[in-house]
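First up is the structure itself, then whatever we jot down about it.
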Amino acid sequence: MWGGRFDAPPDPRVQRFTESISFDWRLLDADLRVADAHAAMLRARGLISAKDLAAIRRGVASIRRDGEARKLVFDESLEDIHTHVEHWLRERVGAAADKLHTARSRNDLVSTDLRLWMQDAATALLAELRALVRSLAKLAARNVDAIMPGYTHLQRAQPVTFAHVVLGYAEMLLRDRERIRDAAGRANRSPLGAGAIAGTTLPITRASTARALGFSGTLENSIDAVSDRDFVAEFVGALAILAVHLSRIGEDLVLWSTTEFGFVAMSDAVTTGSSLMPQKRNPDVAELVRGKAARVIGAHVALLTLQKGLPLAYNRDLQEDKEACFDAFDSTLASVECLQVVFESLTVRVDRMRDAARDPALLATDLAEALVLRGVPFRKAHETVGRAVRTAETGRSTRFAVPGLTASEVDVILDPARSVRRRHLATSIDRVRGLVARESEWRVGARSDKA
Ligand code: ARG
């Protein structure tokens, strides 16, 4: 396809095998922004005329409009989005289009486009993540007094509040927010000007295009700039950890909505019926959130495998980065959005939780700690209370008799509500709310800086 070197078109099967337009059309907006910035730089360096620049700008604007109106026609023989943009430009402004690719290669272009796409993707995901954390904070605020058993090894362990559990989720997601911002921030450097591998002999400037596109700087080494996709692996790695977090939340919801637990009930909006059993109400959304994590983990593994042992510099293998990245992003974003709906419409069955936390044995640790306050070494206290629990379990006594504590002291300690108050649970709600309120902490580089 490229100019004078070839006599024959590619085999149609090869064309289908090598095309990327079926997925890299998502880079259209980025590619057009790069075209504008690159053309302006070429003009500033005297490499194209003012007339050419005006024509390119006009053409780019027209492509953008047609893109928004969904009027652009894709053609597999044009391979990828970069070739399409040049082609559409030529249709609109003729000869000036031939000058756009001056001092530029698809190798530096594709990496630039994907980095720009990532800034917007991260911003969109963080907005949804923020909304999810906000709904968790609201749910926690409504349930600061809802006592439930906390589980270790999936065995009832100690009483906690439902708010405390929900705020635990919020903390996980707040770390995901940091990871996503970090990854997007590190990706926010411009490869443009690296060319195919070794830059260009033409007198371009790299800093000006980087600045115009909202990058925080340029990548130093041209070979590295075109060959590395660590930024994709890192971003998708952050998504994978987020997706794993969401899968754990999904699993809790599945478990808690069973008849056996009955701690929560999910609304009709997020559950489905069975095609066979009329009574069923299945937690499909929570299950799919759990399942989607597999895809995102798969994408992360694919991206690492893609680069493992790959020689420098650009290799066509790297085209495989985009589907993995887009799919991981779409799956994670959708999971975040849908979990938000789940939490906003969740019924919390405080009575069921309280009943499950009623077993005084869950406060055995509190009894041991009361003995510690009386000077009993912890190991000793642990043993004393352990014996009391065993006696109670074997039914030899209806109440806990703990040597060293009076019956009324034991009664006070065995109140789950007091226990959670003594342990200061759910105090992080203000912290979470504060972070939700600070909008700037949910944004990343590029365009959002100027917004
Ligand atoms: N579609 C290609 C990709 O996604 C763009 C870069 C192609 N470069 C090349 N020399 N064939 O990686």
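Here the structure is a predicted model, which is why all the values come from computation and not from measurement.
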* To do: Taking R189 for its side chain and G217 for its backbone only, find out whether a donor-acceptor pair lies under 3.5 Å.
  => no
* To do: Compute whether any side-chain donor of one residue and acceptor of the other, for H82 and E86, lie under 3.5 angstrom apart.
  => no
* Smallest separation among heavy atoms of A39 and I48, with atom names -> O-CD1, 3.6 Å
* Non-hydrogen side-chain atoms of Q307 and D228 separated by less than 4.5 Å -> yes
* Between D355 and R352, does a salt bridge (charged side-chain N to carboxylate O under 4.0 Å, His left out) hold up when you go through it step by step? -> CA-CA 5 Å; D355 287 349; R352 294 275 311 195; over 6 Å; no
* Run the side chain to side chain contact (heavy atoms under 4.5 Å, CB included) check on T112 and R104 step by step: do they pass? -> CA-CA 11 Å; T112 307; R104 200 175 80 160; over 6 Å; no
* Is the W117 ring parallel, tilted or perpendicular to the F235 ring (thresholds 30°, 60°)? -> perpendicular
* Asked: Is there a donor-acceptor pair closer than 3.5 Å between any side-chain N or O of T218 and the backbone N or O of S190?
  -> no
* To do: Evaluate side chain to side chain contact (heavy atoms under 4.5 Å, CB included) for V232 paired with L306, printing each intermediate quantity in order.
  => CA-CA 11 Å; V232 191; L306 187 62; over 6 Å; no
* Structure fact -> Exactly one of V133, L126, L132, D176 clears side-chain contact (heavy atoms from CB on, under 4.5 Å) with V336, and that residue is L132
* Looking at V226, D31, V85, which hits side-chain contact (heavy atoms from CB on, under 4.5 Å) with L109? -> D31
* Asked: Would a distance-only check, ignoring hydrogens and angles, find a side-chain to backbone donor-acceptor pair under 3.5 Å from T123 to Q119?
  -> yes
* **Test item: I147 and V420 side chains (from C-beta on) under 4.5 Å apart, heavy atoms** => yes
* How about T347 and V264: do any of their side-chain heavy atoms sit closer than 4.5 Å? -> no
* To do: Report the C-alpha distance between R43 and D52 in whole Å, list the side-chain angles of each, state the deciding distance to 0.1 Å, and finish with yes or no for salt bridge (charged side-chain N to carboxylate O under 4.0 Å, His left out).
  => CA-CA 8 Å; R43 172 64 206 133; D52 288 335; over 6 Å; no
* To do: Give a yes or no on whether the backbone of L253 and the side-chain of W256 come within a donor-acceptor separation of less than 3.5 Å.
  => no
* **Validation row: L125, L239 side chains within 4.5 angstrom (heavy atoms)** => yes
* To do: Considering non-hydrogen atoms only, spot the tightest contact between A40 and R57 and give its length.
  => CB-NH2, 3.8 Å
* Partner set under salt bridge (charged side-chain N to carboxylate O under 4.0 Å, His left out) for R422, not counting sequence neighbours -> D366
* Considering residues, nucleotides and ligands other than R316, do more than 12 of their heavy atoms fall under 6.0 Å from its CZ? -> yes
* Asked: Taking everything shown except N315 itself, do over 12 heavy atoms lie less than 6.0 Å from its CG?
  -> yes
* To do: Heavy atoms only: give me the nearest A240-H300 pair and the separation to one decimal.
  => CB-CB, 4.2 Å
* Run the numbers on D75 and H87 for side chain to side chain contact (heavy atoms under 4.5 Å, CB included), then give the verdict. => CA-CA 10 Å; D75 172 0; H87 170 81; over 6 Å; no
* Starting at CG of L318, measure out to OG of S227 and round the result to the nearest 0.5 Å. => 7.5 Å
* Under 4.5 Å between any side-chain heavy atoms of D113 and D24, yes or no? -> no
* Asked: If only atom types and distance count, is the side chain of R354 paired as donor or acceptor with the main-chain N or O of V350 below 3.5 Å?
  -> no
* Asked: Once you round to the nearest 0.5 Å, how far does CZ of R248 lie from CZ of R290?
  -> 13.5 Å
* Nearest atoms (heavy-atom pairs only) where R206 meets A194 -> NE-N, 4.3 Å
* Would R423 and E369 count as a salt bridge (charged side-chain N to carboxylate O under 4.0 Å, His left out) if you check the C-alpha gap in whole Å, the side-chain angles of each, and the deciding distance to 0.1 Å? -> CA-CA 12 Å; R423 283 182 282 122; E369 285 172 355; over 6 Å; no
* Where the side chain of D108 meets the backbone of G195, is there a donor-acceptor pair that is under 3.5 Å apart? -> yes
* **Shortest non-hydrogen separation from S331 to R295 and the atoms involved** => OG-NE, 3.5 Å
* Please round to the nearest 0.5 Å and tell me the distance separating atom CG of D11 and atom CZ of R16. => 10.5 Å
* Structure fact -> Separation between CE (M148) and NE2 (H164), nearest 0.5 Å, reads 11.0 Å
* Output all residues satisfying salt bridge (charged side-chain N to carboxylate O under 4.0 Å, His left out) with K292, sequence neighbours left out; order by chain, then residue number. => none
* **Side-chain heavy-atom pair C338, V270 within 4.5 angstrom cut-off** => no
* Asked: If you take all heavy atoms of D80 and H84, which pair is closest and at what distance?
  -> O-ND1, 2.8 Å
* To do: Begin with the C-alpha distance, continue with both residues' side-chain angles, and end with the deciding distance and a verdict on side chain to side chain donor-acceptor pair (under 3.5 Å) for R115 and S111.
  => CA-CA 6 Å; R115 287 163 190 271; S111 176; 3.1 Å; yes
* Just wondering, are more than 12 heavy atoms of other shown residues or ligands nearer than 6.0 Å to CZ in R281? -> yes
* Main-chain N/O of I249 paired to D252 side chain as donor or acceptor, under 3.5 Å -> no
* Could you give me the CA-CA distance, side-chain angles and deciding distance for L53 and L42, then say whether side chain to side chain contact (heavy atoms under 4.5 Å, CB included) is met? => CA-CA 8 Å; L53 174 62; L42 291 176; over 6 Å; no
* Backbone N or O of D224 within a donor-acceptor pair of the N221 side chain at under 3.5 Å? -> yes
* Asked: In Å, rounded to the nearest 0.5 Å, how long is the span from CG of L246 to CG of L288?
  -> 13.0 Å
* **Rounded distance (nearest 0.5 Å) linking atom CZ of F263 with atom OG1 of T258** => 8.5 Å
* Are any of the side-chain heavy atoms of V432 and L136 separated by less than 4.5 Å? -> no
* Do the non-hydrogen side-chain atoms of L435 and R431 ever get within less than 4.5 Å of each other? -> yes
